[in-house]
Amino acid sequence: ATTLILLVSCLILSASSAFQPLRNLNHTPTNSRRGGELSSSSSPQPPSLSHPLQYHVKSTRVAHPLAAKSINNDESTDATTTATSTTATTQLVKDGSIPTAASILAIAIFYWTYLVFGAAVSQSGILPIPEFVPLSPGWPPSDMDLQPALEDSAHFFYIQDLLHWFSSPSSNDAVADLAMGTQQQQQLQQPPVVRLAVFNFAEAWIFAFLPALLADERRLPLPAVLFAWVGGLGLTNAFLAPYLAIREGFAAYYDGSKEKQGQEHEQEEDNTASGSKVSGRNAVLSASVGAIATVVVFYACGSCLVDTSLGDWSDFARLATADRTYLAFCVDLVLFSTFQPFLLRKVYTQEIVKSGENESDPMPQIYNVPFVGLVAWLFGK
């Protein structure tokens with residue numbers, strides 16, 4: 001039943017993000033200056049009352065040149081005001097959805113309940129634990145339970161391997177010793193290639209999400225974005241999924257409240273989680289993050305192709321069924337494949353609306369390709 005709930009939630013999320021219609025609200029100011037006085041109107045006036053002088057002239061059939069000139073100036077002023085207002089029109093895509101937010105929230109609850117606190121939930125007896133969820137690490141976790149994850153964390157992004165490659169094994173230089181750490185750390189056995197590759201692949205993927213999260217105009221405040229991203233580097237979807245659920249919920253609530261009140265959206269920077277932010281893609285940040293993530297994933301995939309055998313993959317499969325941490329990493333790769341097009345579709349729609357292009361244009365299909373699509377977006381225009 002739990003597996004079915006997870007699959008249905010992912011299906012609803014994919015369907016909602018793929019087929020949700022894009023609805024835009026236009027904000028057109030109605031302020032205009034006539035005769036040196038500023039008049040505002042929240043509702044359109046009858047044509048006969050919009051130009052008093054013109055109405056008077058037409059009704060009395062006066063054809064005086066000064067009156068005609070005044071009429072022409074008034075019409076010209078109205079045309080200029082209308083053109084200016086049309087140019088200043090702001091479009092904000094309504095992309096919030098309560099069903100989508102509920103689906104992501106269900107995924108987040110599943111992740112925290114079974115993959116983060118699975119052992120604690122099993123001991124408390126609050127909920128039944130599915131048979132496919134391993135109870136290791138236990139609660140509280142022991143040093144032995146956490147040993148594989150700690151070993152892989154020491155090789156985060158293969159930084160230690162890079163330092164070891166640049167330093168000479170026989171060097172006694174103090175700088176080299178500082179870079180390599182203690183002699184005991186140097187003698188630690190290299191983690192299994194497949195296990196380390198999966199760990200770094202998942203970490204590089206969540207690492208590459210940062211520019212897209214910041215480019216989202218409907219994002220939560222900056223501290224919340226950074227908190228979710230930094231937390232995601234440690235517990236991946238334990239932080240990313242709740243963030244996306246809250247973001248989607250706030251956007252849906254904001255859109256619904258504005259629609260009920262009959263108010264227009266104004267695209268301005270604010271400190272609320274519901275409104276539009278002055279955001280956009282940072283080319284330097286995107287290229288830097290994309291380059292780092294690409295190198296890490298390329299190295300991870302290359303090491304799996306060169307230094308592994310079928311036995312290594314079988315060992316990792318057994319580990320994923322016995323260790324909840326690495327089962328979570330496998331689940332992360334599946335969820336990232338769903339969250340990536342979900343987020344990029346929103347950011348892409350915001351970008352084309354802002355640039356004035358046809359918002360009905362479909363998102364490039366490459367953005368749907370797991371990880372490759374995110375890298376393509378990072379290096380795109």
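If you read the sequence from its start, that first residue is 1, and numbering goes on from there.
Ile246 is not connected to Ile109 by any chain of hydrophobic side-chain contacts under 4.5 Å among Ile, Leu, Val, Met, Phe, Trp and Tyr, and they are in different clusters. Residue Leu285 is not grouped with residue Val295 when hydrophobic side chains (ILVMFWY) are merged at heavy-atom distances under 4.5 angstrom, including chains of intermediate members. A single hydrophobic cluster is seen to contain both Val225 and Val230, as judged by linkage of ILVMFWY side chains at heavy-atom distances under 4.5 Å, directly or through other members. By the rule that hydrophobic residues join a cluster once side-chain heavy atoms approach within less than 4.5 Å of another member, Leu196 and Val193 end up as members of separate clusters. Two different hydrophobic clusters hold Val289 and Phe298 under the rule that ILVMFWY side chains link at heavy-atom gaps under 4.5 Å.
Between the side chain of Thr100 and the backbone N or O of Gly96, no donor-acceptor pair lies under 3.5 Å. Under a 3.5 Å cut-off, the side chain of Tyr243 and the backbone N or O of Asn237 do not form any donor-acceptor pair. With Asp145 contributing its side chain and Gly138 its backbone, the two residues share a donor-acceptor pair below 3.5 Å. Between the side chain of Gln340 and the backbone N or O of Tyr367 there is at least one donor-acceptor pair closer than 3.5 Å. For Arg219 (side chain) and Leu213 (main-chain N/O), no donor-acceptor pair under 3.5 Å exists by modelled atom type. Proximity of a side-chain donor or acceptor of Arg281 to a complementary backbone N or O of Ala215 within less than 3.5 Å is not detected. At distances below 3.5 Å, at least one donor-acceptor pair connects side-chain atoms of Asp312 with backbone N or O atoms of Ser309. At least one donor-acceptor pair closer than 3.5 Å links the side chain of Trp229 to the backbone N or O of Phe207.
Aromatic ring pairs are classed by plane angle as parallel below 30°, tilted from 30° to 60° and perpendicular above 60°; the pair Phe336 and Phe209 is tilted. Ring pair Phe110/Tyr114 is tilted by interplanar angle, where 30° to 60° counts as tilted.
How far CG of Leu115 is from CG of Leu235: 11.0 Å, rounded to the nearest 0.5 Å. In this structure, CG on Leu335 lies 10.5 Å from CD1 on Ile206, to the nearest 0.5 angstrom. Going from atom CD of Gln147 over to atom CG of Asp152 covers 10.0 Å, rounded to the nearest 0.5 Å. The CZ atom of Phe227 sits 12.0 Å away from the CG atom of Leu220 when rounded to the nearest 0.5 Å. Expressed to the nearest 0.5 Å, how far CG of Leu240 lies from OH of Tyr111 amounts to 10.0 Å. For the atom pair Ser286 OG and Leu374 CG, the distance stands at 9.5 Å (nearest 0.5 Å).
Counting non-hydrogen atoms of other residues, nucleotides and ligands closer than 6.0 Å to CH2 of Trp112 gives a total above 12. Around the CG atom of Leu310, the shell of radius 6.0 Å holds no more than 12 heavy atoms that belong to other residues, nucleotides or ligands. Annotation: Phe379, atom CZ; neighbour count of heavy atoms from other residues, nucleotides and ligands within 6.0 Å is above 12.
Here the side chains of Asn368 and Met363 are in contact, with some heavy-atom distance below 4.5 Å. Pro370 is listed as a side-chain neighbour of Trp205, based on a closest heavy-atom distance under 4.5 Å. Residues Asp315 and Leu319 fail the side-chain proximity criterion, which asks for heavy atoms closer than 4.5 Å. The side-chain heavy atoms of Ile366 and Trp377, taken from C-beta on, include no pair separated by under 4.5 Å. By the 4.5 Å heavy-atom criterion applied to side chains, His155 and Ile159 are not counted as neighbours. The side-chain heavy atoms of Gln123 and Phe117, taken from C-beta on, include no pair separated by under 4.5 Å.
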May I have the step-by-step check of side chain to side chain contact (heavy atoms under 4.5 Å, CB included) for Phe316 and Cys304, ending in yes or no? CA-CA 12 Å; Phe316 178 78; Cys304 288; over 6 Å; no

Taking it one step at a time, do Leu146 and Ser142 satisfy side chain to side chain contact (heavy atoms under 4.5 Å, CB included)? CA-CA 6 Å; Leu146 298 178; Ser142 64; over 6 Å; no

Carefully, step by step, assess Arg195 and Glu151 under the rule salt bridge (Lys or Arg N to Asp or Glu O under 4.0 Å). CA-CA 10 Å; Arg195 191 187 80 188; Glu151 290 178 357; 2.9 Å; yes

Yes or no on side chain to side chain contact (heavy atoms under 4.5 Å, CB included) for Asn282 and Leu214, after CA distance, side-chain angles and deciding distance? CA-CA 9 Å; Asn282 186 312; Leu214 293 176; over 6 Å; no

Working for side chain to side chain contact (heavy atoms under 4.5 Å, CB included), residues Ser153 and Phe199: CA-CA 8 Å; Ser153 298; Phe199 170 84; 3.9 Å; yes

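Here Asp216 pairs with Arg247 in a salt bridge; the nearest charged N to carboxylate O distance falls below 4.0 Å. Salt-bridge check for Lys346 with Glu248: passed, with a basic side-chain N closer than 4.0 Å to an acidic carboxylate O.
For the pair Arg318 and Trp313, the cation does not sit on the ring face, since its NZ or CZ is not both under 6.0 Å from the ring centre and inside 45° of the axis.
When every heavy atom of Ile129 is checked against every heavy atom of Ser122, the shortest pair comes out as CG1-CB, 3.6 Å. The two residues Val297 and Phe371 make their nearest non-hydrogen contact at CG2-CZ, 3.3 Å. Nearest approach of Pro99 to Ser97, heavy atoms of both residues: CD-OG, 3.3 Å. Across every non-hydrogen atom of Ala300 and Ala197, the tightest pair is O-CB, 3.8 Å. For Val116 against Arg324, the heavy-atom pair with the smallest separation is O-NH2, 3.7 Å. Minimum interatomic distance between Asp323 and Pro134 (heavy atoms only, all atoms of both residues): C-CG, 3.6 Å.
Each salt bridge (charged side-chain N to carboxylate O under 4.0 Å, His left out) pair with one or both residues in residues 100-120, not counting sequence neighbours, would appear here, but there are none.
Of the residues Phe201, Tyr158, Phe157, the one that meets the ring pair (Phe, Tyr, Trp, His ring centres under 6.0 Å) test with Tyr299 is Tyr158.
Side chains of Asp332 and Thr236: a donor on one and an acceptor on the other come within 3.5 Å. Between the side chains of Glu203 and Asn200, no donor-acceptor pair is found at a separation under 3.5 Å.
Separation of the Phe342 and Phe339 ring centroids does not fall under the 6.0 Å cut-off.
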